[in-house]
Amino acid sequence: MKIVYNGEMDERQGKAVLGETIPAILESDPDAIYLDADLMSCIGTLKYGQQHKDRAIDCGIAEANMAGVAAGLAMAGFKPIIHSFGIFASRRCFDQIFLSGGYAKNDITVLGSDPGVTAAMNGGTHMPFEDVALYRVIPGSTVLEPSDPTCLISLLKQCVNHPGIKYLRVGRKSMARIYADGSELPIGKATVLRDGTDAVIFAAGIMVHEALQAAASLEKQGISAAVVDCYSIKPLDAEIVIAMAKKTGAAVVAENANRHGGLYSAVLEVLAENCPVPAANVSVEDEFGEVGTQGYLQQRFGLTAEHIEAQVKAVIARK
Amino acid sequence: MDQQEVKALKALAVRIRLATVEAIHSIGSGHLGGALSIGDVLAVLYGREMNIRVDDPTWPERDKLVVSKGHAGPGVYGTLAVKGYFPYEELKTLNKNGTRLPSHCDRNKTPGIDVTTGSLGQGTSQACGLALGDRLKGRKDRVFLIVGDGEMDEGQCWEAFSFAAAHKLSNLVVLIDWNKKQLDGMCDDILPMGSFKEKMEAFGFDTVQINGNDVEAIAAALERTRQGGDKPYAIVLDTVKGAGIEEVANTVMNHSMPVNDEKYEKWTGELKKELAELEG
């Protein structure tokens with residue numbers, strides 16, 4: 001793993017990465033099988049799906065059935081990957097994922113696209129702020145939110161052979177470039193992207209880029225903030241969380257999700273039990289989503305580098 | 001099918017009902033009505049139709065049974081015990097702490113249970129996935145799916161049936177237990193479904209409707225489903241909730257019922273008498 005972050009966006013959009021990675025997985029593993037709920041076009045898999053109807057199954061707009069079919073396929077010896085927008089891939093089929101999948105020990109990889117404010121123009125009905133919380137409470141589940149395309153590829157490939165329910169929260173649009181091509185980001189680990197001494201920012205997904213921007217700005221103001229990419233929200237890398245909290249004595253969590261039940265909660269659970277330090281969050285403050293550009297929505301819900309900066313200063317003041 | 005085989009299947013159905021009462025009596029009450037209504041179809045499936053290996057319950061090529069109305073677990077456990085998947089005495093552990101026989105079917109707990117069910121509707125999609133997966137793996141087995149009539153209230157059933165027809169899952173046989181009742185009363189008073197036969201035909205199934213408490217009719221209907229083709233099969237089982245035990249069948253609210261010592265003696269006495277006549 002090599003960090004190459006320089007503040008620029010990756011050339012590859014999430015959609016293109018998924019459109020290449022999913023077929024590559026299917027071609028390399030005859031037991032892998034992909035199901036979608038009429039959204040293949042949205043993640044670049046439609047052409048492959050039309051040409052390989054036994055490997056890529058379009059279930060129509062019926063997410064609950066798709067989840068159950070995936071469970072049945074798992075029993076028949078397949079490794080199903082299912083996709084829908086995050087809202088449908090979580091809320092709409094939660095009981096099916098929970099029981100037919102998790103409880104019945106049928107392993108399924110779930111891709112939930114358009115996390116949080118990245119749902120932008122699809123608006124509040126399509127904006128998942130709660131999907132992380134829902135998936136975290138399924139026993140034995142794995143919850144992942146890649147911060148860049150390389151991280152996405154690495155995690156998706158691991159998911160296929162990882163036990164249990166795996167939820168991968170994936171953006172379809174531009175992401176920052178953080179890792180060198182081919183870097184491996186192991187499930188259960190976190191990456192210290194930037195070291196620091198005054199405070200640590202734990203972030204996931206699009207908020208990793210915001211956190212790095214915030215840290216760079218804080219440095220100019222004489223504040224040393226570390227940044228940790230918590231792409232593995234569950235299991236969370238408690239070792240790194242504890243070490244960085246102890247080292248800096250103050251923590252901020254930045255997440256593109258509701259403050260309840262997501263990465264903030266996960267980090268606080270570790271801190272409370274191991275090394276309580278002043279902590280604050282940059283999250284959606286228990287609200288529903290709404291329509292707008294991603295930039296507008298990040299401002300509207302307080303999910304920017306500036307908001308992170310303010311919270312870093314606030315927690316340092318509480319030391 | 002000769003009359004000897006008919007008698008043997010009828011006897012198996014009685015044995016399944018005896019085992020079902022045995023299990024539910026051990027804990028005092030349970031989902032008796034809907035377990036009894038499928039006693040005959042369970043007898044034909046396990047006594048004749050399904051290709052299974054009792055000594056190898058996870059054999060990949062076996063025919064699978066998905067009891068989507070998972071609360072009928074005691075009926076299925078009774079069947080599995082009679083077939084020898086586990087000791088008959090184990091039926092008395094139903095719902096007891098640490099048991100392998102939970103109230104609803106669980107594939108990770110009970111030898112012979114193929115699919116975990118209990119949240120109604122969910123077995124339908126799992127059955128579709130199994131049928132599709134087995135076909136893709138080149139297996140020749142079939143998947144039998146028992147669905148309750150009240151369960152058909154769940155929208156997921158209809159999503160799954162659309163999927164089954166779209167994928168031409170002719171290795172899937174849906175058995176609808178049309179026993180006319182659900183937990184709160186008569187299905188027609190709660191959420192009338194109209195004709196299941198017409199609905200399933202409209203959803204693209206090769207459908208027949210038969211007396212679902214008649215082993216001969218069930219055997220004949222199941223035999224029809226062996227021919228493959230490009231449609232999934234549906235058999236509407238016109239059944240009586242509580243079938244096989246007159247007093248239970250005549251009880252209006254029989255979804256879940258107590259089985260005390262007195263009832264146990266009476267009902268098992270009746271069933272044993274019937275068994276003696278069939279096997280005598």
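Keep in mind it's a predicted model, so treat the numbers as computed, not measured. Chain letters run A, B, ... following the sequence lines, proteins first and then strands; every chain starts at 1.
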Those residues of residues 41-73 of chain B that come under 4.5 Å of chain A on a heavy-atom basis, listed by number, are none
So, the part of B:D134 with a heavy atom under 4.5 Å from chain A: the answer is both
The interface call for B:R139 against chain A, heavy-atom contacts under 4.5 Å, is side chain
Looking at [options], which has the largest count of heavy-atom pairs under 4.5 Å with chain A?
{"options": "B:L130, B:V143, B:T116", "answer": "B:L130"}
{"options": "B:T117, B:L136, B:T124", "answer": "B:L136"}
{"options": "B:R107, B:H167, B:Q156, B:K109", "answer": "B:R107"}

Tell me the closest heavy-atom pair linking [X] and [Y], and the distance in Å.
{"X": "A:N65", "Y": "B:A160", "result": "OD1-CA, 3.2 Å"}
{"X": "A:A76", "Y": "B:K137", "result": "O-CE, 3.5 Å"}
{"X": "B:D114", "Y": "A:M75", "result": "O-SD, 3.6 Å"}
{"X": "B:S125", "Y": "A:A64", "result": "OG-O, 4.3 Å"}
{"X": "B:N108", "Y": "A:A104", "result": "ND2-O, 3.0 Å"}

Does [X] [atom1] have over 12 foreign heavy atoms under 6.0 Å away?
{"X": "A:K189", "atom1": "NZ", "answer": "no"}
{"X": "B:K96", "atom1": "NZ", "answer": "yes"}
{"X": "A:R92", "atom1": "CZ", "answer": "no"}
{"X": "A:K173", "atom1": "NZ", "answer": "yes"}
{"X": "A:I61", "atom1": "CD1", "answer": "no"}

Chain B shares the most heavy-atom pairs under 4.5 Å, among A:D31, A:D54, A:L35, A:D95, with A:D95
In terms of heavy-atom pairs under 4.5 Å with chain B, the winner among A:G60, A:A62, A:S100 is A:S100
- Query: Thinking salt bridges, do B:D106 and A:K105 make one under a 4.0 Å N-O criterion?
  - Reply: no
Whether B:E159 side chain and A:C59 backbone form a donor-acceptor pair below 3.5 Å: no
**Prompt:** Under a 4.5 Å cut-off applied to non-hydrogen side-chain atoms, are A:L73 and B:L132 in contact?
**Reply:** yes
When the 4.5 angstrom heavy-atom criterion is applied to A:I33 and chain B, the contacting part is side chain
